[in-house]
Asks: 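My questions all concern the structure below.
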Amino acid sequence: MTELTADLYDEHGEDLQSVATQFQSLGGRARFSGPIRTVSCFEDNALVKSILATPGDGAVLVVDGAGSLRSALMGDMIAESAVTNGWAGVIINGAIRDRVAIGALDLGVKALGSNPRKSAKRGFGTADAVVEIDGVSFIPGRTVYCDEDGILAER
């Protein structure tokens, strides 16, 4: 990502949606962007794990975990899989775990916080559908941009 989100917003304005929620930057890569892929799940990370184990081709996985901080939707092993498979980053409307290990990986990670508790592994949820977080629609195939200032998504 060469342009900062503030510059992108100045240039494109209302063509971009800005997420007001203050996500924490927890990965080793602070600036990342790419085509959107999505998962919607609640306290169950089986879909997150299976999707990040496939070729990412520079995409960003947006995970709507309904803002739950009761269990982590990604840990270091899943994050390492994302790096190995070429994902640019992961945005999680929920918690991660293994923050120190994830912070050392060349992966962009935005999440609400962390919790050492594992999530369920039942496989409940949906993939590659439009998800809405904080009034912003994340549409698969459109581009998301992340840096120290926040998150922008194409309309």
Asks: Assess, by modelled atom type and distance only, whether the side chains of E14 and Y9 contain a donor and an acceptor separated by less than 3.5 Å.
Replies: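 Side chains of E14 and Y9: pair found under 3.5 Å.
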
Asks: Quick one: closest heavy-atom pair of S25 and A30, and the distance?
Replies: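 Answer, listing the atom of S25 first, then A30: OG-CA, 4.1 Å.
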
Asks: Looking at D44 and K121, is any side-chain nitrogen of the basic one under 4.0 Å from a carboxylate oxygen of the acidic one?
Replies: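 Answer for the salt bridge query: no.
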
Asks: Inspect the surroundings of CD in Q22 and state if more than 12 heavy atoms from other residues, nucleotides or ligands are less than 6.0 Å away.
Replies: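 Check fails, neighbour count at 12 or below.
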
Asks: Between CG of L152 and OG of S18, what distance do you get to the nearest 0.5 Å?
Replies: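 Between atom CG of L152 and atom OG of S18 there are 5.0 Å.
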
Asks: Would you say V63 and V131 are hydrophobically clustered, going by side-chain heavy atoms of ILVMFWY under 4.5 Å?
Replies: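 In one cluster with V63: V131, no.
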
Asks: Check A153 against V136 and note the closest heavy-atom contact, atom names and distance.
Replies: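 Minimum heavy-atom contact is CB-CG1, 4.0 Å.
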
Asks: Side-chain contact test, heavy atoms from C-beta onward, threshold under 4.5 Å: evaluate it for L52 versus L61 and give yes or no.
Replies: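 SC-SC contact between L52 and L61 confirmed.
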
Asks: Using the rule given for side chain to side chain contact (heavy atoms under 4.5 Å, CB included), can you reason through H12 versus E154, listing the C-alpha separation, both sets of side-chain angles and the distance that settles it, and then say yes or no?
Replies: CA-CA 10 Å; H12 299 284; E154 288 182 334; over 6 Å; no

Asks: Going through the checks in order, is the side chain to side chain contact (heavy atoms under 4.5 Å, CB included) test met by S114 and R97?
Replies: CA-CA 5 Å; S114 60; R97 59 188 248 158; 5.7 Å; no

Asks: Any side-chain heavy-atom pair from K110 and Q24 closer than 4.5 angstrom?
Replies: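 When only atoms from C-beta onward are counted, Q24 and K110 do not touch, as no gap falls below 4.5 Å.
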
Asks: Do the non-hydrogen side-chain atoms of M74 and I92 ever get within less than 4.5 Å of each other?
Replies: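 M74 vs I92: side chains touch.
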
Asks: Applying side chain to side chain contact (heavy atoms under 4.5 Å, CB included), run through T54 and N85 and close with a yes or a no.
Replies: CA-CA 6 Å; T54 65; N85 288 296; over 6 Å; no

Asks: May I ask you to test the L8-L16 pair for a side-chain heavy-atom distance under 4.5 Å?
Replies: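 Sidechains of L16 and L8: in contact.
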
Asks: Kindly give the heavy-atom pair with the smallest separation between C146 and I91, and that separation in Å.
Replies: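 Nearest pair, atom of C146 first, then I91: SG-CD1, 3.5 Å.
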
Asks: How far apart are the closest heavy atoms of A88 and G58, and which atoms are they?
Replies: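 Of all heavy-atom pairs spanning A88 and G58, the closest is CB-O, 3.4 Å.
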
Asks: Under the criterion side-chain hydrogen bond (donor to acceptor under 3.5 Å, both in side chains), I'd like the reasoning laid out for T5 against D147: C-alpha separation, chi angles, the key distance, then a yes or no.
Replies: CA-CA 7 Å; T5 56; D147 67 11; 2.7 Å; yes

Asks: Pairing donors with acceptors under 3.5 angstrom, does anything connect the side chains of E43 and S71?
Replies: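 Not at all, the side chains of E43 and S71 share no donor-acceptor pair under 3.5 Å.
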
Asks: Hydrophobic clusters here meaning ILVMFWY residues chained together by side-chain heavy-atom distances under 4.5 Å, can you tell me if V90 and V19 are in one?
Replies: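 No.
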
Asks: First locate atom OG of S137, then atom CD of Q17, and finally report the distance between them rounded to the nearest 0.5 Å.
Replies: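 Between atom OG of S137 and atom CD of Q17 there are 5.5 Å.
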
Asks: Find out whether F138 and R37 are in side-chain contact, i.e. whether some heavy atom of one side chain is under 4.5 Å from a heavy atom of the other.
Replies: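 No, their side chains stay 4.5 Å or more apart.
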
Asks: Evaluate side chain to side chain contact (heavy atoms under 4.5 Å, CB included) for F124 paired with C41, printing each intermediate quantity in order.
Replies: CA-CA 6 Å; F124 296 148; C41 58; over 6 Å; no

Asks: Is a side-chain donor or acceptor of N115 paired with a backbone partner of R70 at a separation under 3.5 angstrom?
Replies: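 Yes.
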
Asks: Is any side-chain heavy atom of D64 less than 4.5 Å from a side-chain heavy atom of T38?
Replies: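 Of all side-chain heavy-atom pairs linking T38 with D64, none is under 4.5 Å.
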
Asks: Under 4.0 Å between a side-chain nitrogen and a carboxylate oxygen: does that hold for R155 and D15?
Replies: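 Looking at R155 and D15, the cut-off is not met.
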
Asks: Decide whether W87 and L105 are clustered together by the hydrophobic rule: side chain heavy atoms of Ile, Leu, Val, Met, Phe, Trp, Tyr closer than 4.5 Å, transitively.
Replies: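 In one cluster: yes.
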
Asks: Looking only at heavy atoms, what is the nearest atom pair of V60 and G34, with distance?
Replies: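 Nearest heavy atoms, V60 then G34: CG2-N, 3.7 Å.
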
Asks: Under 4.5 Å between any side-chain heavy atoms of K118 and N45, yes or no?
Replies: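 With C-beta onward as the side chain, the pair stays apart.
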
Asks: Mind checking whether S33 and V144 have side chains closer than 4.5 Å, heavy atoms only?
Replies: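 Of all side-chain heavy-atom pairs linking V144 with S33, none is under 4.5 Å.
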
Asks: How close do I102 and I96 get, counting heavy atoms only, and between which atoms?
Replies: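 That would be CD1-CD1, 3.8 Å.
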
Asks: Quick check for you: to the nearest 0.5 Å, what is the distance between L107 atom CG and I78 atom CD1?
Replies: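 The distance works out to 12.0 Å.
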
Asks: Quick one: does D7's side chain have a donor or acceptor within less than 3.5 Å of a partner on E3's backbone?
Replies: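 It does not hold such a pair.
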
Asks: Is there a path of hydrophobic side-chain contacts, each under 4.5 Å between heavy atoms of I, L, V, M, F, W or Y residues, that connects I51 with V83?
Replies: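 I51 and V83: one cluster.
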
Asks: Under a single-linkage definition using a 4.5 Å side-chain heavy-atom cutoff for Ile, Leu, Val, Met, Phe, Trp and Tyr, are L73 and L112 assigned to the same hydrophobic cluster?
Replies: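 Shared cluster, no.
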
